[in-house]
Structure formats: C-alpha cells, structure tokens
Amino acid sequence: MLLAADPHSAIDIDKLVGWLIAQSEQTSGCPESFCLVDVNDNDVYHKSHIANAYHYDRIMLSRLVYETPILAQARAEGHLLVIYGREAERVAKVLFQRGFKTVLLKGNTAQFKEQYPCLLEPSIDFVKLKEIYEKKKNSVFGGRLWRSTSASRIKSVTRDERAEKSKKVNSRPTSQSRKPWL
C-alpha cells in the first residue's frame with residue numbers, strides 16, 4: 001500500500017535522551033508513555049541495544065498474527081512506539097498503518113554508543129546520562145544553536161540594520177527609470 005505522506009515523525013538520539021531524562025524526573029517534556037522497540041536482527045540485539053528496549057522481529061510483520069504481548073499492551077494503553085534498527089522506517093510505517101502510534105529513532109546502536117555510552121549498558125545510569133546530555137547541550141557547538149537547526153544559518157540583525165536595509169530597498173529606481181525589455 002502506498003502512502004501519500006509519511007504520517008510518523010522521526011527523532012534523533014538527543015531528543016530521546018531528553019525524553020528519558022524528563023520521564024525519570026517525572027517532569028513535562030516527554031510523551032506520556034513510550035516503548036523503545038529494537039528491530040535489528042536477534043544476534044545484533046543481543047550484542048548491543050538501548051537499555052529497556054524490546055526486541056521485535058521484523059519477520060512478524062508478514063504474519064497474520066504480528067502482535068507480540070508488548071505490542072498488544074502498547075496498543076491497548078496507547079503507548080508511543082520509538083522504533084530503531086535495521087529497516088526501522090519500514091517497520092514504523094507498517095505499524096502506523098496497523099493503528100499504532102510510532103516514531104522513528106534515527107541512527108544505529110554504534111552512533112548511540114558513541115554519543116551516550118551509558119544508554120547501552122544493562123541499566124541506564126540517569127545521573128551520568130544527564131551529565132553527558134547537559135555537557136553536550138551546553139558545549140561550544142551546542143547551547144542555543146544546538147537546540148535550533150536553523151539558528152546557525154540565520155544572522156542576527158539589529159533594528160538599525162533592518163532600517164538601513166529597508167531604506168536601500170525603498171531607494172531603488174522605479175520601473176519608470178528602468179529600460180523595458182525589448
């Protein structure tokens with residue numbers, strides 16, 4: 001079945017870490033409840049996966065009974081499924097079409113481990129995770145610019161600069177003084 005547009009959104013690992021921290025501190029800023037779903041092959045899942053992530057075998061999608069107990073519970077309770085791994089985009093689309101709330105987590109476990117090594121340990125050390133998250137957020141490459149994707153492309157313009165620019169635009173010659181195209 002073809003879709004006109006992608007109905008689900010995608011997040012990066014920084015957004016997920018923000019949600020995990022907000023959830024652990026019981027503050028606002030994260031979805032009410034979400035489940036991490038790893039759709040990598042079984043051997044890859046057992047080598048390395050995000051702590052508390054559930055494994056879902058992609059082959060199950062082709063079966064008539066594709067719901068595992070975790071998916072059935074997620075549907076019943078309205079949990080958001082954060083899906084990552086090999087062919088995660090396809091799995092997220094199919095599960096969305098079947099009535100689940102899905103979000104695609106961009107990246108792979110190697111990238112997650114490089115940025116947040118404590119995420120892939122048997123249990124998450126939230127103190128360490130928050131420390132890494134805050135350090136990254138407030139780093140030289142971060143801070144205000146880290147939270148805004150377009151901020152690095154936008155030049156700050158003062159009120160005087162805007163007024164000067166508008167004067168230049170208004171002082172351009174009118175169409176009467178321009179030569180018409182022949």
Side-chain angles (χ1 to χ4, degrees), residues 6-58 68-96 99-156:
D6 288 338
H8 62 277
S9 59
I11 61 170
D12 62 358
I13 190 63
D14 298 315
K15 181 80 165 181
L16 176 67
V17 168
W19 287 359
L20 288 169
I21 291 169
Q23 190 178 50
S24 73
E25 295 175 348
Q26 298 178 345
T27 60
S28 62
C30 74
E32 61 284 347
S33 59
F34 60 93
C35 296
L36 291 168
V37 180
D38 186 324
V39 294
N40 283 312
D41 295 328
N42 199 29
D43 58 332
V44 175
Y45 172 78
H46 286 295
K47 282 182 188 174
S48 178
H49 64 273
I50 296 176
N52 302 327
Y54 299 102
H55 181 253
Y56 182 76
D57 193 355
R58 296 180 310 274
T68 61
I70 298 300
L71 289 183
Q73 181 182 359
R75 182 196 300 266
E77 296 177 6
H79 294 299
L80 176 67
L81 299 176
V82 179
I83 300 171
Y84 72 96
R86 187 171 160 228
E87 297 183 36
E89 187 172 356
R90 182 180 66 85
V91 173
K93 284 180 182 179
V94 171
L95 289 177
F96 180 85
F100 291 91
K101 293 191 288 184
T102 62
V103 171
L104 175 67
L105 176 58
K106 296 182 284 187
N108 59 41
T109 52
Q111 294 167 338
F112 305 156
K113 188 171 189 168
E114 182 182 315
Q115 294 179 29
Y116 297 98
C118 57
L119 265 183
L120 281 79
E121 294 174 359
S123 64
I124 299 174
D125 180 1
F126 284 101
V127 173
K128 189 175 178 182
L129 184 66
K130 187 172 182 177
E131 181 182 306
I132 296 168
Y133 180 74
E134 293 296 327
K135 184 178 178 183
K136 185 175 180 181
K137 193 165 99 172
N138 296 323
S139 70
V140 174
F141 300 108
R144 186 181 67 80
L145 295 179
W146 181 73
R147 292 185 292 270
S148 172
T149 57
S150 62
S152 61
R153 294 176 290 197
I154 298 174
K155 178 184 169 190
S156 262

Of the non-hydrogen atoms in I13 and L119, which two are nearest, and what is the gap between them?
-> CD1-CD1, 3.6 Å
Pairs involving residues 112-132, ordered by first then second residue, that meet salt bridge (Lys or Arg N to Asp or Glu O under 4.0 Å) (sequence neighbours left out) = E25-K130
Shortest non-hydrogen pair, V82 vs W19, comes out as CG2-CZ3, 4.0 Å
Go through the steps to decide whether V91 and V37 satisfy the test side-chain contact (heavy atoms from CB on, under 4.5 Å), and finish with yes or no.
-> CA-CA 10 Å; V91 173; V37 180; over 6 Å; no
Partners of D38 by side chain to side chain donor-acceptor pair (under 3.5 Å), sequence neighbours excluded?
-> N40, Y84
Residues Q115, K136; criterion side-chain contact (heavy atoms from CB on, under 4.5 Å); working and verdict = CA-CA 9 Å; Q115 294 179 29; K136 185 175 180 181; 2.9 Å; yes
Over all heavy atoms of both residues, which pair between H79 and S33 is shortest? Give the atoms and the distance, please.
-> ND1-OG, 2.6 Å
Go through the structure and list residues passing side chain to side chain donor-acceptor pair (under 3.5 Å) with E134, not counting sequence neighbours.
-> none
Roughly how far apart are S9 OG and K101 NZ, rounded to 0.5 Å?
-> 11.5 Å
Minimal non-hydrogen separation, L104 against A88, with atom names | CD1-CB, 3.5 Å
Applying side chain to side chain donor-acceptor pair (under 3.5 Å) to N42 and not counting sequence neighbours gives H46
Which residues share a side-chain contact (heavy atoms from CB on, under 4.5 Å) with I70, sequence neighbours left out = Y54, T68
One should read off an interatomic distance between L95 CG and I83 CD1, to the nearest 0.5 angstrom, of 5.0 Å
Check side-chain contact (heavy atoms from CB on, under 4.5 Å) between Q111 and all other residues, then give those that pass, not counting sequence neighbours.
-> N108
By side chain to side chain donor-acceptor pair (under 3.5 Å) - contacts of Y56 (at least two apart) = none
One should read off an interatomic distance between L129 CG and S24 OG, to the nearest 0.5 angstrom, of 8.0 Å
Per the side-chain contact (heavy atoms from CB on, under 4.5 Å) rule, which among L16, D14, L20, I50 passes with Y116?
-> D14
What heavy-atom pair brings L120 and S48 nearest, and what distance separates the two atoms?
-> CD2-OG, 2.7 Å
Residue pairs involving residues 75-86 (criterion salt bridge (Lys or Arg N to Asp or Glu O under 4.0 Å); sequence neighbours excluded) = D41-R86, E67-R75
Minimal non-hydrogen separation, P122 against A51, with atom names | O-CB, 3.8 Å
Please examine the side chains of I132 and V17, heavy atoms only from C-beta on, and report whether any two atoms are closer than 4.5 Å.
-> no
